[in-house]
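Values below: all heavy atoms of this structure, side chains included; hydrogens, waters and symmetry mates excluded.
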Amino acid sequence: QLQLVESGGGLAQPGGSLRLSCAASGFSLDYYGIGWFRQDPGKEREGVSCIRMSDGSTYYVDSVKGRFTISRDNAENTVHLQMDSPKPEDTAVYYCAAGVLPGGVAGQGGWGAGGTYEVDFWGQGTQVTVSS
């Protein structure tokens, strides 16, 4: 079965940490860009971070720069999102996606600039709640 499965969500305190994982089964992530998105009820889905598995290039939305770190483990076919110093406004359902990035991750035409991102797989989502 071809699927992406997120894990690691839960309750975190402001200033604490949480690590999300996105594991692929049935296919290799090696040729994809893996994006993390989040959505809170009543809000639009927001792209948070992306990594290109082939070269490790990354992108972060401004609101999480310096706090979140995306990393890849090609051997384990998994991508992680380390969330340090989370804030209540980071509360959302987090989804990972595997897509093709013709324009790369950053720069003009890249994922961060709203470039083409042809998603082949979505995960089911994992809830992250940041609260004291």
**Q** Are Val93 and Val48 in one and the same hydrophobic cluster, where Ile, Leu, Val, Met, Phe, Trp and Tyr link if side-chain heavy atoms are under 4.5 Å apart?
**A** no
**Q** Check whether any side-chain N or O of Thr91 sits under 3.5 Å from a backbone N or O of Val130 as a donor-acceptor pair, and report yes or no.
**A** yes
**Q** Tell me whether Asp62 is salt-bridged to Lys65, with the criterion being a basic N under 4.0 Å from an acidic carboxylate O.
**A** yes
**Q** Under a 3.5 Å distance rule, please check whether Tyr59 uses its side chain to pair with a backbone N or O of Gly110 as donor and acceptor.
**A** no
**Q** In chain order, what residues pass the salt bridge (charged side-chain N to carboxylate O under 4.0 Å, His left out) check against Arg52, with sequence neighbours excluded?
**A** Asp55
**Q** Look only at the side chain of Gln39 and the backbone of Ala92, and say whether a donor-acceptor pair between them is shorter than 3.5 Å.
**A** no
**Q** Rounded to the nearest 0.5 Å, how far apart are OG of Ser132 and CG of Leu11?
**A** 9.5 Å
**Q** Is it possible for you to say whether Val105 and Tyr60 belong to one hydrophobic cluster, with membership spreading through side-chain heavy-atom contacts below 4.5 Å?
**A** no
**Q** How many angstroms lie between atom CD1 of Ile34 and atom CH2 of Trp111, to the nearest 0.5 angstrom?
**A** 11.5 Å
**Q** How many angstroms lie between atom CG of Asp120 and atom OH of Tyr32, to the nearest 0.5 angstrom?
**A** 3.5 Å
**Q** For Leu20, is there any backbone N or O sitting under 3.5 Å from a side-chain donor or acceptor partner on Glu6?
**A** no
**Q** Cluster question for you: counting only ILVMFWY and a side-chain heavy-atom cut-off of under 4.5 Å, with indirect links fine, are Met83 and Tyr95 together?
**A** no
**Q** Check the surroundings of atom CD in Gln108: do more than 12 heavy atoms from other residues, nucleotides or ligands lie under 6.0 Å from it?
**A** no
**Q** Counting N and O atoms only, with roles assigned by atom type, does the side chain of Asn77 sit under 3.5 Å from a partner on the main chain of Leu29, one being a donor and the other an acceptor?
**A** yes
**Q** Answer with yes or no whether the hydrophobic clustering places Val64 together with Leu81; edges join I, L, V, M, F, W, Y residues whose side-chain heavy atoms lie under 4.5 Å apart.
**A** yes
**Q** Any donor and acceptor pair, going by atom type alone, linking the side chain of Asp40 with main-chain N or O of Lys43 inside 3.5 Å?
**A** no
